[in-house]
Amino acid sequence: MTPASAMRDAILIGLLSLFSLQASAGADTQADHERAREARLRGEIQPITEILHQVGKQVPGEVIGIEIERGKLAGQRVWIYELKILTPDGRRLEVEIDARNGRILELEDDD
């Protein structure tokens with residue numbers, strides 16, 4: 001799998017997960033997704049394509065899941081991308097990333 005096709009697949013997974021979440025989401029989840037989209041349009045968070053490119057350099061593997069959620073960082077509410085990555089050696093990792101700057105906040109095995 002080439003890096004370009006891996007990124008395309010990861011973007012497709014992310015888009016499909018957003019569509020499925022929106023189709024089954026309640027009002028609160030729907031509002032969160034709308035707020036995330038608006039934050040992206042205002043430039044407050046990086047697009048997922050940029051995040052995937054940055055993280056791909058640091059954490060090798062195939063992205064098998066993408067979420068965006070609100071969290072707290074240094075006492076402030078921030079957007080956090082959560083990626084599930086399948087490593088070349090078969091481990092599943094969960095990577096939390098600050099959506100503003102792409103900095104990895106947490107990297108752990110996803111048991």
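This one's a predicted model, so the numbers in the text were calculated from it and none came from an experiment.
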**Request:** Work out which heavy atom in Pro60 is nearest to a heavy atom in Pro88; give both atom names and the distance.
**Result:** O-CD, 3.7 Å

**Asked** Which heavy atom in Pro47 sits nearest to a heavy atom in Arg40, and how many Å separate them?
**Response** CG-NH2, 3.4 Å

Within the 4.5 Å heavy-atom criterion, are [X] and [Y] side-chain neighbours or not?
{"X": "Ile66", "Y": "Ile51", "value": "no"}
{"X": "Trp79", "Y": "Arg35", "value": "yes"}
{"X": "Arg100", "Y": "Leu73", "value": "yes"}
{"X": "Val55", "Y": "Val63", "value": "no"}
{"X": "Leu52", "Y": "Leu83", "value": "yes"}

**Message:** Heavy-atom count check: over 12 atoms from other residues, nucleotides or ligands less than 6.0 Å from Gln76 CD?
**Reply:** no

[X] [atom1] to [Y] [atom2] distance, which is reported to the nearest 0.5 Å:
{"X": "Tyr81", "Y": "Gln46", "atom1": "OH", "atom2": "CD", "answer": "8.0 Å"}
{"X": "Leu93", "Y": "Glu108", "atom1": "CG", "atom2": "CD", "answer": "9.5 Å"}
{"X": "Glu38", "Y": "Ile45", "atom1": "CD", "atom2": "CD1", "answer": "11.0 Å"}
{"X": "Asp109", "Y": "Arg92", "atom1": "CG", "atom2": "CZ", "answer": "10.0 Å"}

